[in-house]
Structure formats: structure tokens, C-alpha cells
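For reference, the structure is listed below as C-alpha cells.
Position 1 is the first residue of the sequence, and the numbers go up from there. Hydrogens, waters and symmetry mates are skipped; everything else that's a heavy atom, side chains included, is used.
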Amino acid sequence: MDAFNVALRIALAFYVITPGSSTCPIGCSCTDDNLGRSLLCMETSMGRIPEDVRHNFTKIRIENCHLTELPQGSFSKVSALEFLWLNFNEITLMNIKSLEGLANLTELRLQGNKLTSVPWAAFRDTPKLKILDLKHNRLDVLPEHALRHLPALTYLDLSFNQLSVISKDIFTHWPLYQSAEKSWGKEGLVSNVVLALHDNPWLCDCRLKGFVEFIRTVGPPIILMNSYLKCSGPASKADKFFHEIQLKTCMKPVASAPETNITLPLGANATLTCLVKARPGPTIQWLYSLKIIRGFAAKETQINEETISSQLLIPSLHLADRGLYTCMANNFIGNSSVSISVNISTFNSSYPLPPHVPRLSSDDNTFIDIRIAKQTVYGITLEWHAATENPAETWFTIHFGKYDSPKKELIYIGPGISSYSVADLLPVTKYEVCVSLKNQPPREGQCIVFVTGSDISEMEQRERLIHIIVIVCAMVLAVPAGMYACTTEARFSCFDRCVDLWKKRMRHGENMQGTERQGTFDSLQATSEEGLCKDSEEKPKNRRKSQDRCKGGSAAHLY
């Protein structure tokens with residue numbers, strides 16, 4: 001009994017020394033110090049935030065534990081929490097309510113994770129936050145109002161991220177920056193706010209102008225941990241420090257063209273040139289009516305820091321290529337465009353040229369671009385594109401026939417249809433097909449001449465026919481004349497012929513010995529047919545099968 005009392009006293013003493021130790025998450029350690037109760041989890045593959053964290057912790061440090069996200073209310077039960085370190089995990093997602101219930105939090109460290117963005121509105125729940133460490137993440141955007149909900153922040157580390165362009169308004173909208181000089185100067189408080197922005201791939205173009213000027217003039221209460229910020233691009237400013245460069249104000253694109261009216265002969269190659277001046281560099285695209293049908297190649301050349309030349313290459317001009325081509329350039333400030341008119345000259349004046357596509361005024365000026373979408377030995381599928389004033393009311397006429405035939409078949413196609421298929425053409429035959437407006441003759445460029453392919457399958461059938469005929473001829477040379485007649489005569493019933501032949505042989509050859517016909521093709525063939533006809537005579541129900549078999553032999557010869 002005394003031993004039991006001693007053991008109980010030891011257990012109680014141990015519990016007093018380490019209160020609540022039984023509630024410490026597995027793989028972690030819980031300690032008490034002058035700052036309060038702490039939870040330490042290091043290099044434990046927990047994968048997610050423990051659910052059994054008690055409310056009396058003031059410091060939590062979970063590092064190298066393979067955390068991947070901070071879900072809603074991750075530490076909402078730990079209302080006394082002041083220090084939260086989640087460094088060197090694999091956090092990629094942070095819920096907008098992940099800091100819910102942490103009104104006393106003063107320090108948050110998320111160094112060495114995989115965050116590409118941060119829900120800055122989440123800091124509404126942490127009004128006392130002073131230290132925010134986000135270095136060595138993958139942040140590439142810092143919104144203009146990112147620091148709006150961090151009025152008490154005195155240390156912000158955004159170094160070693162992927163930031164390339166940010167606005168100086170981020171800091172002018174920061175409540176602490178707005179009131180720092182006034183309130184701190186009167187109250188005599190410490191006037192140091194540390195910013196770490198180094199080792200980011202800053203793109204030093206006009207978009208960074210305000211930020212570069214802010215960094216040059218920054219002073220107390222703002223202190224840069226590393227004031228030597230360096231440019232990563234563009235190429236002309238790479239590896240230069242902010243204090244070494246001068247940036248111009250951004251400018252919306254201005255597009256121009258050396259030539260806005262071009263006339264070239266049919267079949268020539270055309271090059272349309274568009275010059276665009278803009279800050280920052282613009283996105284350039286070409287717009288024209290046949291872009292879906294005929295996609296031309298465009299190449300861009302950097303003339304100088306703010307001027308780009310774009311060239312559209314049109315090989316072998318078609319009649320349908322005549323029209324208006326528009327070069328469109330845009331950046332985040334605005335856009336600009338320039339149009340180039342392409343005209344085509346022809347030596348054949350009997351065929352009028354189609355007019356500019358965007359300026360069509362009547363169906364008489366319609367142009368039609370046609371092509372063969374699919375072709376087989378016996379068929380063809382035709383597709384066309386037409387620019388008309390009223391496409392919903394436009395009918396077409398297809399002129400189809402042999403190339404040398406003066407008279408073509410006319411097919412009328414209603415509005416909204418742009419394809420037609422024919423499936424009964426002759427092989428190895430030259431055809432011509434044209435598409436025009438209804439009841440109008442086709443014009444130049446509206447016709448296609450093509451030749452159908454050879455009928456491979458029919459040739460193979462003929463080769464097989466020749467092969468069958470050779471075999472049948474060999475059989476004819478080996479069988480009696482009467483049996484040949486049975487297999488070739490199509491007018492009389494094969495069954496009757498076989499019965500007559502069997503009776504005739506029974507009258508004239510009953511004494512013939514069976515051994516004389518063994519081993520020869522003649523004897524085998526005759527015996528087979530005789531047996532078949534005999535079975536048919538004895539069993540009328542099976543007569544149809546023998547007839548079909550005889551007819552099968554006849555069909556092989558006839559075909």
C-alpha cells in the first residue's frame with residue numbers, strides 16, 4: 001500500500017511539472033517559458049495542421065512538416081497565439097479565413113514555402129501584426145491595396161520572390177506610411193519600418209517608373225534592408241541598379257504604315273509593314289476577312305527600345321486576297337490601329353475583280369473563295385467562303401460537270417450553307433466545279449478543275465476475276481463435257497441437269513469398276529456431283545441446298 005502511495009505521488013508531481021503534456025500532438029514537443037506555452041513541431045510528416053492544438057499556446061512553430069495549405073480557421077481555437085512560424089513547408093494555398101480568430105497575432109513567418117499569391121484581406125483578422133516574413137516564396141503580384149489591412153506592420157520581407165512590376169501606390173495606400181511622420185513625430189515613437197524587396201526579377205520599363213522613383217526618395221520611417229535593387233530586364237537595362245536608370249512615362253500604342261495602299265499583280269508575294277511605337281511593348285495582331293481560311297505568317301522586329309515593326313507575309317496573291325488589312329496594337333494603357341488596302345492587277349480585263357471586302361454594297365460585288373475539303377475516287381466535298389452584304393438571304397449556284405462538257409449541272413444552295421458533296425463521280429475523270437451567286441455565271445477565281453482518282457478496288461476485283469477464270473478453265477479441261485454443261489448452263493435448272501446426267505450414266509456405265517476412277521480429278525469431281533444429285537432425288541427437302549451449290553459454281557464462272 002505504501003508503494004502505491006509513493007507511485008501516485010510521483011505521477012502527480014510529474015503532471016504538475018509538465019501540465020497538459022498528454023495533449024501535445026504526436027511528434028511535437030510542448031514547453032513553457034516566460035513568454036507562455038509553446039508548441040514545436042520539426043521535421044514531422046504531419047501534412048496538415050493538427051486538430052488537437054489547445055487554446056493556451058502563445059507560440060507555435062511548425063517547420064519542415066510538409067504542410068501544403070492553410071485552411072479556414074487553422075488556428076481559430078488558439079486565441080492567445082502571438083507568434084506563428086510555418087517556415088520551410090510546402091504551402092501553396094492560403095485561405096482568406098486561415099487567420100480567423102488570431103486577433104493577438106504579432107508575428108507571422110512563412111519563409112521558404114510555395115505561395116504564388118496571398119489573400120491580403122486575410123489580415124483583417126490580425127490587426128496587431130507587426131512582422132510578416134514572406135521571403136523565398138513565388139509571389140509574382142503585389143496588389144495596389146495589399147497593405148491596407150496592416151496598420152501596425154513594422155517589418156515586411158518580400159525578398160527572393162518573383163515580383164517584376166509593382167506600383168508605388170502600394171505604399172502610399174499603406175495606413176502606416178500615410179500617418180507615420182505625423183503621429184510618430186508627435187509621440188516620439190521609434191520611426192523604423194523595415195522593407196526587404198531585393199532579389200526579385202524587376203522589369204525596369206515604364207510600369208516601374210513610379211516604384212523606382214519611390215525607392216530613390218525613400219527615407220525614415222521607411223528603411224530598406226537592401227537599397228541596391230537591380231533590374232532583370234529589359235535587355236538594355238539588365239543588371240543595372242535603380243539609381244542608374246531613367247524611365248519614361250508609359251504611352252499607349254501609336255500604329256503607322258509606310259504604305260497604306262498597295263497594288264500588286266495576281267500571284268505575286270506581298271509584304272505588309274506596320275510600325276508600332278508604345279511603352280511598354282505592345283501586343284500586335286493582324287485582322288483581315290479571310291483569316292480563318294488563309295492564315296498568313298507575321299513576324300516582328302524590334303527597331304529600338306519603344307518601336308516594333310510587324311510584317312504580314314502573303315504568298316501568291318489570290319483574287320480573294322484583295323481587301324483591307326488592319327494592324328492592331330494594344331498594351332495596358334490603350335490600343336491603336338492602321339489599315340492597309342491591297343489591290344490586285346490582272347491582264348485579263350474580261351473578268352472583273354472583286355472589290356474591297358469591307359466595303360461591299362451589293363451582291364454584284366461579292367467575291368467567293370472556294371476549295372476542295374475532301375476528295376475520294378467517286379466523290380468530292382466542296383467548301384466556299386463568300387462575303388456578301390446580306391449573308392442570311394444569299395443563294396448560290398453550283399455549276400458541276402465534266403471539264404470538256406459545255407453544259408453543266410446546276411445546283412441551287414440556300415443561305416447559311418457553305419459546303420456541298422457529290423458521291424457518284426467517275427474515276428480518272430476531269431471535272432470542273434464553280435460557285436457563283438444564284439442565276440449568275442461564274443467569274444474568274446470561282447472555279448476549280450480536278451481529276452478523280454483511279455478505282456483501285458475495281459482493278460483488284462478484275463484481277464481476282466481473271467484468276468477465277470483460269471481456275472475454271474483448268475477444271476473444264478479435267479471434267480466431262482456433260483458436267484461442264486451443268487456448271488455453265490444458266491437457262492436450265494442445275495438440279496434437273498444433274499439428275500439426267502446421273503440416269504444416263506447409270507444406264508450406260510453400271511458395269512464400270514470403281515477402281516478405274518480412283519485417284520483422278522475426273523472421278524472425284526463426278527462422284528461428288530453424282531452423290532449430291534442422288535441425295536437430292538432421295539430427299540426432296542434438301543433439294544434447295546444442292547441447287548444453291550450448283551448455282552454457286554455457275555456464278556463463279558459467270559462473274
I want to check something: taking the side chain as every heavy atom from C-beta on, are [X] and [Y] in contact at a cut-off of under 4.5 Å?
X	Y	result
N335	M328	yes
I223	L195	no
T92	L115	no
I368	F396	yes
L67	I62	yes
K252	R279	no
R322	V342	no
L93	L70	no

Is the [atom1] atom of [X] crowded by more than 12 outside heavy atoms at less than 6.0 Å?
X	atom1	result
I26	CD1	no
K77	NZ	no
E244	CD	yes

Where [X] and [Y] come nearest, the two heavy atoms and their spacing:
X	Y	value
P201	S232	CA-OG, 3.2 Å
G281	N331	O-CB, 4.3 Å
P253	S336	O-CB, 3.1 Å
P280	F332	CD-CE2, 3.4 Å
V276	P282	CG1-CG, 3.6 Å
T273	I340	O-CD1, 3.6 Å

When the ring planes of [X] and [Y] are compared, do they come out parallel, tilted or perpendicular, using 30° and 60° as the limits?
X	Y	answer
Y228	F241	perpendicular
F160	H198	perpendicular
W120	F123	tilted

Given the rule in the salt bridge (charged side-chain N to carboxylate O under 4.0 Å, His left out) test, do R124 and E100 qualify, once you have shown the distances and angles that lead to the verdict?
CA-CA 9 Å; R124 290 174 179 172; E100 189 177 25; over 6 Å; no

Starting at [atom1] of [X], measure out to [atom2] of [Y] and round the result to the nearest 0.5 Å.
X	Y	atom1	atom2	result
E306	D205	CD	CG	11.5 Å
Q446	I398	CD	CD1	12.0 Å
L264	N269	CG	CG	9.0 Å
D157	I131	CG	CD1	11.0 Å
H173	R148	NE2	CZ	7.5 Å
E383	S418	CD	OG	6.5 Å

Does C65 form a disulfide (SG to SG under 2.5 Å) with C41? I'd like the steps, not just the answer.
CA-CA 7 Å; C65 292; C41 304; 5.6 Å; no

Run the numbers on F450 and I380 for side-chain contact (heavy atoms from CB on, under 4.5 Å), then give the verdict.
CA-CA 10 Å; F450 65 94; I380 185 175; 3.4 Å; yes

Report the residue from V165, I166, V118, L197 that forms a side chain to side chain contact (heavy atoms under 4.5 Å, CB included) with L142.
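Going through the options one by one, the only one that passes is I166.
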
Given N89, L134, N87, N137, the one that forms side chain to side chain contact (heavy atoms under 4.5 Å, CB included) with Q111:
N87

Is R371 paired with D369 through a side-chain N to carboxylate O contact shorter than 4.0 Å?
no

Give a yes/no verdict on a cation-pi contact between K230 and W202, requiring under 6.0 Å between NZ or CZ and the six-membered ring centre and an angle within 45° of the axis.
no

Residues K128, L105; criterion side-chain contact (heavy atoms from CB on, under 4.5 Å); working and verdict:
CA-CA 6 Å; K128 296 182 180 180; L105 191 67; over 6 Å; no

Ring centres under 6.0 angstrom apart (F88, H136)
no

Output field: ring centroids Y288/F296 closer than 6.0 Å
yes

Is it true that [Y] and [X] share a donor-acceptor pair across their side chains at a distance under 3.5 Å?
X	Y	value
N161	D140	no
S339	T326	yes
W384	S419	no
S421	T381	yes
W85	E107	yes

What verdict does the side-chain contact (heavy atoms from CB on, under 4.5 Å) test give for Y325 and C274, after you've listed the backbone C-alpha separation in whole Å, the side-chain angles of each residue and the deciding distance to 0.1 Å?
CA-CA 10 Å; Y325 293 75; C274 170; over 6 Å; no

Sort out for me which residue in D32, T58, T31 forms a side-chain hydrogen bond (donor to acceptor under 3.5 Å, both in side chains) with R37.
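Between R37 and the candidates, side-chain hydrogen bond (donor to acceptor under 3.5 Å, both in side chains) is satisfied uniquely by D32.
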
Given 3.5 Å as the limit, does a donor-acceptor pair link the side chain of N95 with the main chain of A122, or not?
no

I'd like to know whether I60 forms a side-chain contact (heavy atoms from CB on, under 4.5 Å) with S38, so could you lay out the CA-CA distance, the side-chain angles of the two residues, the decisive distance to 0.1 Å, and finally the verdict.
CA-CA 6 Å; I60 294 178; S38 300; over 6 Å; no

Between C250 and C206, is the SG-SG gap less than 2.5 Å?
yes

